[in-house]
Structure formats: structure tokens, C-alpha cells
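Side chains are part of it too, since the values below use all heavy atoms of this structure and drop only hydrogens, waters and symmetry mates. It should be emphasised that the depicted structure is a prediction, and the values quoted were computed from it without experimental measurement. Residue numbers run from 1 in the order of the sequence given.
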Amino acid sequence: MFAPRRLKIGLSACFQHADPSRSLFTNKTLQYVEQSIAHWIMSAGAMVVMVPCPTGDTARGDVTLDHYAEWLDGVVMHGGADVWPGNYGEEPLRQEWLGDRVRDLYDLAVVKAFAQARKPIFGVCRGLQLINVAFGGALYQDLQEQHPGAQLHRNASTYDQHFHDIELVPGTRLAQLYPDKPSARVNSIHHQGIKRVAPDFVVEAFSLPDRVPEAIRLSPGPGRGYIAATQWHPEFHQAGSQTLDDTAILNDFLTACVAAQPGTLGGVHTPLHLRDRASRLLRKAIKSKK
């Protein structure tokens with residue numbers, strides 16, 4: 001457990017859009033989570049709450065993503081469909097790389113809401129790509145076509161059993177989490193990747209040997225919260241396998257979620273009487289200026 005109460009972690013929704021040919025939920029929009037990533041977050045004792053899209057043709061009520069960002073302790077951005085190239089100023093090179101523009105709008109709004117609330121954000125696969133685009137970066141629409149010398153990053157037949165090596169960048173937070181691992185093996189289930197890193201983000205890992213960014217993090221600074229992401233799926237790691245153990249990555253994110261809770265300073269809960277005293281001093285200071 002990371003806190004006196006269980007953490008409530010949001011998980012962004014995946015979309016299946018209305019399809020009249022579907023036998024179940026015919027012509028209905030489905031929003032869902034993939035089981036393994038929910039179980040990954042729950043493995044450390046946190047509770048998972050899917051953050052549904054509040055807009056759409058059946059929308060009712062006044063609940064917004066800002067309400068979720070205020071209530072939850074952090075959010076994990078799910079993997080899934082391609083990001084629409086128009087989000088980073090490009091035309092799609094192929095019809096099949098159009099991505100999901102509806103989900104993009106939703107995901108971008110989720111990132112904005114949690115970033116503004118200074119709640120930690122962690123992205124996985126598409127989540128990394130979406131975060132990079134949200135903050136001004138760009139993607140390769142297809143690594144095999146656009147990145148000279150790119151190795152195969154997605155194998156449809158082997159899926160989560162397709163792997164490659166990564167190099168952890170010395171001095172980064174990720175390297176600090178794995179001090180004895182300058183390199184590691186990870187799964188690889190993507191065909192898009194980072195072409196231009198968003199401003200104020202640092203690359204924490206590169207694929208080997210083609211050096212595609214595999215992990216990014218927002219540089220610390222005034223007013224900035226915790227935002228980090230991996231191109232691989234840490235939730236797919238199996239105990240005893242040769243891939244990078246996911247535990248340190250998950251613990252780092254959840255520790256940041258504890259530190260971001262109201263009444264917490266530097267990860268230590270502030271006693272109620274100190275919070276009350278701080279409030280009184282603040283009110284006194286405001287009155288003295290009037």
C-alpha cells in the first residue's frame with residue numbers, strides 16, 4: 001500500500017465505435033479497458049477507475065474530465081489505435097494510418113485535465129505517442145517506411161512476444177530506477193514512434209540498434225507535475241522472463257500519486273493541525289495586505 005487510503009487511479013478508455021453489423025450492442029459506442037493493464041495497476045493495491053468520455057450522442061449531465069482529474073490521484077493512458085497525423089501537422093500517408101480522431105480528442109482532453117490538476121500521468125504505447133503529441137512533439141507515421149534502418153517494432157503474429165533491446169539514458173530518472181541495468185529487453189508492439197520529442201521532455205530510453213525513443217519524461221520545473229511514458233507495455237512483463245521488471249516503474253508512478261495528494265508535502269502527509277495553521281497564516285497574510 002502506498003497511502004493510508006487506497007489510491008484511485010484513472011485509466012483512459014479504449015473505444016469501439018458504433019457498428020450496425022455487430023451482433024451485440026448493435027450500433028452502440030463501447031468504451032472499455034484491457035484487463036492486463038487494470039490488473040497491473042491493481043497489483044500494487046491501487047483501485048482502478050475507467051475514465052469514460054463525457055461527450056457523444058448519448059451525453060447527459062454536467063460531469064466533466066476536470067471532475068475526474070480533481071477526484072482521482074493520477075491517470076494511466078492506455079495503448080491502442082494510431083494517433084491521427086493531423087494532430088502534429090501532417091497529412092496521413094496511408095488510409096490505414098488515419099487513427100481514431102474521436103479517441104484522440106478524448107485522450108488529449110484527459111491529458112490536459114490531469115496536467116492542469118497537477119495529477120501524475122503515465123502513458124503506455126499509444127499513451128506515450130499521445131502525450132508526446134499533446135505537448136508539441138511529432139511521430140513517424142510508420143517506422144518501417146520513414147525511419148532509415150528501423151528494425152521491426154511490431155509483429156502481428158507474435159504480438160506481445162516480439163522483443164528488442166533498449167538502452168537506458170544515464171542520469172535520467174528511469175536509469176536511477178534500474179541502476180544496474182544500462183540496457184534491457186522489452187516487448188515491442190507498435191509501428192508508429194516518436195520523430196520529434198516534445199519540448200521540455202527528455203528521452204529516458206532508446207531502442208537498440210535503431211535508437212527510436214522508448215521512454216520519455218517531463219523535465220522537472222515550477223508548476224510541472226509528473227508525466228512519464230514508455231513505448232513498451234510494462235504490464236505485459238511476466239515474472240521470471242528476460243524482459244525488464246515493471247515493478248520499479250509502477251512504484252515510481254504510484255509514489256508520485258501519493259506525493260500529489262492534497263495535504264502532502266514531498267510525499268509525507270501533512271498533519272491536520274499544520275494544514276489548519278498554514279490556512280490561518282495565509283488568511284492573515286491576505287488581510288494584512290488589504
Side-chain angles (χ1 to χ4, degrees), residues 1-3 6-12 33-48 72-80 111 114-115 119-132 153 160 163-190 193-194 197 201-208 212-220 224-260 267:
M1 287 292 293
F2 281 82
R6 289 184 183 268
L7 292 170
K8 301 188 297 291
I9 304 300
L11 182 56
S12 66
V33 299
E34 196 275 321
Q35 176 176 278
S36 61
I37 195 164
H39 286 176
W40 178 60
I41 300 167
M42 293 163 68
S43 71
M47 296 188 296
V48 176
L72 296 171
D73 298 308
V75 70
V76 174
M77 303 303 296
H78 225 293
V111 169
F114 279 81
K119 298 294 181 69
I121 302 170
F122 186 78
V124 173
C125 198
R126 168 192 162 89
L128 170 139
Q129 297 168 9
L130 191 286
I131 287 169
N132 185 63
H153 282 259
D160 61 348
F163 308 104
H164 63 59
D165 292 331
I166 59 169
E167 173 192 12
L168 278 63
V169 177
T172 61
R173 175 61 180 166
L174 186 62
Q176 294 171 2
L177 296 177
Y178 298 94
D180 301 322
K181 287 189 174 293
S183 62
R185 196 154 184 81
V186 298
N187 56 63
S188 186
I189 316 169
H190 62 105
I194 292 178
V197 181
F201 279 75
V202 297
V203 177
E204 297 196 306
F206 290 97
S207 59
L208 294 175
V212 174
E214 285 277 331
I216 59 173
R217 186 179 300 264
L218 180 64
S219 300
R224 295 179 185 172
Y226 177 109
I227 304 178
T230 60
Q231 183 61 77
W232 71 90
H233 288 254
E235 75 276 16
F236 288 170
H237 169 75
Q238 296 180 354
S241 70
Q242 298 302 308
T243 56
L244 185 67
D245 191 318
D246 60 280
T247 306
I249 293 173
L250 178 59
N251 288 350
D252 185 62
F253 168 67
L254 294 180
T255 298
C257 292
V258 173

K.L.:
If you look at every heavy atom in Gly171 and Gln176, which pair is closest and at what distance?
P.N.:
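Nearest pair, atom of Gly171 first, then Gln176: O-NE2, 3.9 Å.
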K.L.:
Sequence neighbours left out, what passes ring-ring contact (aromatic ring centres under 6.0 Å, His included) with His78? Give chain and number order.
P.N.:
none
K.L.:
Atom CG in Asp180, atom CG in Leu168: separation rounded to 0.5 Å?
P.N.:
11.5 Å
K.L.:
Yes or no on side chain to side chain contact (heavy atoms under 4.5 Å, CB included) for Val186 and His164, after CA distance, side-chain angles and deciding distance?
P.N.:
CA-CA 6 Å; Val186 298; His164 63 59; 3.9 Å; yes
K.L.:
Kindly indicate whether the side chain of Val76, heavy atoms from C-beta on, has any atom under 4.5 Å from the side chain of Ser12.
P.N.:
no
K.L.:
Can you list everything that forms a side-chain contact (heavy atoms from CB on, under 4.5 Å) with Ala229? Sequence neighbours excluded, please.
P.N.:
Leu128, Ile131, Ile216
K.L.:
Would you say the side-chain atoms of Arg217 pair up with the backbone N or O of Glu204, donor to acceptor, closer than 3.5 Å?
P.N.:
no
K.L.:
Check whether any side-chain heavy atom of Val202 sits under 4.5 Å from a side-chain heavy atom of Val197, and report yes or no.
P.N.:
no
K.L.:
Test Lys181 against Leu244 for side chain to side chain contact (heavy atoms under 4.5 Å, CB included), laying out the working first.
P.N.:
CA-CA 9 Å; Lys181 287 189 174 293; Leu244 185 67; 3.7 Å; yes
K.L.:
Mind checking whether Asp246 and Phe236 have side chains closer than 4.5 Å, heavy atoms only?
P.N.:
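Result no, sub-4.5 Å side-chain heavy-atom pair not found.
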K.L.:
Going by the rule side-chain contact (heavy atoms from CB on, under 4.5 Å), which residues pair with Cys257 if we only count those two or more places apart in sequence or in a different chain?
P.N.:
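Here the qualifying residues are Leu7, Ile9, Asp73, Pro120, Phe253.
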K.L.:
Locate the shortest heavy-atom distance separating His233 from Cys125; write the atom from each residue and the value.
P.N.:
NE2-CB, 3.3 Å
K.L.:
Run the side-chain contact (heavy atoms from CB on, under 4.5 Å) test against Val48 and tell me which residues pass, sequence neighbours left out.
P.N.:
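Per chain and number, Val48 pairs via side-chain contact (heavy atoms from CB on, under 4.5 Å) with Leu11, Ala38, Ile41, Met42.
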K.L.:
State, yes or no, whether a side-chain contact exists between Leu250 and Ser43 at a heavy-atom distance under 4.5 Å.
P.N.:
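With C-beta onward as the side chain, the pair touches.
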K.L.:
Output every pair passing salt bridge (charged side-chain N to carboxylate O under 4.0 Å, His left out) with a member in residues 228-245, not counting sequence neighbours, ordered by first then second residue.
P.N.:
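Residue pairs with at least one partner in residues 228-245: there are none.
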K.L.:
After noting the C-alpha distance and the side-chain angles of His190 and Gln129, does the key distance pass the side chain to side chain contact (heavy atoms under 4.5 Å, CB included) rule?
P.N.:
CA-CA 10 Å; His190 62 105; Gln129 297 168 9; 4.2 Å; yes
K.L.:
Quick one: are Val169 and Phe206 in side-chain contact, heavy atoms under 4.5 Å?
P.N.:
yes
K.L.:
Residues two or more places apart in sequence or in another chain: which of them pass ring-ring contact (aromatic ring centres under 6.0 Å, His included) with Phe163?
P.N.:
none
K.L.:
To the nearest 0.5 Å, what is the distance between CG (Leu130) and CD1 (Ile121)?
P.N.:
10.0 Å
K.L.:
Test side chain to side chain contact (heavy atoms under 4.5 Å, CB included) on Leu208 and Ile166 and set out the steps.
P.N.:
CA-CA 5 Å; Leu208 294 175; Ile166 59 169; 5.8 Å; no
K.L.:
Of all residues at least two apart in sequence or in a different chain, which pass the ring-ring contact (aromatic ring centres under 6.0 Å, His included) check with Phe201?
P.N.:
Phe135
K.L.:
Please tell me if the side chains of Tyr226 and Leu218 come closer than 4.5 Å, counting only heavy atoms from C-beta onward.
P.N.:
no
K.L.:
Contact between Trp232 and Ser207 at the side-chain level, heavy atoms closer than 4.5 Å - yes or no?
P.N.:
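SC-SC contact between Trp232 and Ser207 ruled out.
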K.L.:
Ser36: what forms a side chain to side chain donor-acceptor pair (under 3.5 Å) with it, not counting sequence neighbours?
P.N.:
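Residues passing side chain to side chain donor-acceptor pair (under 3.5 Å) with Ser36: Glu34.
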K.L.:
State whether the side chain of Lys119 and the backbone N or O of Leu72 hold a donor-acceptor pair below 3.5 Å, judged by distance alone.
P.N.:
yes
K.L.:
For Thr243, check side chain to side chain donor-acceptor pair (under 3.5 Å) against everything at least two apart and list the hits.
P.N.:
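In terms of side chain to side chain donor-acceptor pair (under 3.5 Å), with neighbours along the sequence ignored, Thr243 is linked to His237, Ser241.
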K.L.:
For residues 165-175, which residue pairs qualify under salt bridge (charged side-chain N to carboxylate O under 4.0 Å, His left out), counting only residues two or more places apart or in two chains?
P.N.:
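Listed once each, the pairs are Asp165-Arg185, Glu167-Arg211, Arg173-Asp252.
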K.L.:
Heavy atoms, side chains only, cut-off 4.5 Å: are Arg224 and Ser219 in contact?
P.N.:
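Arg224 reaches Ser219 side chain to side chain.
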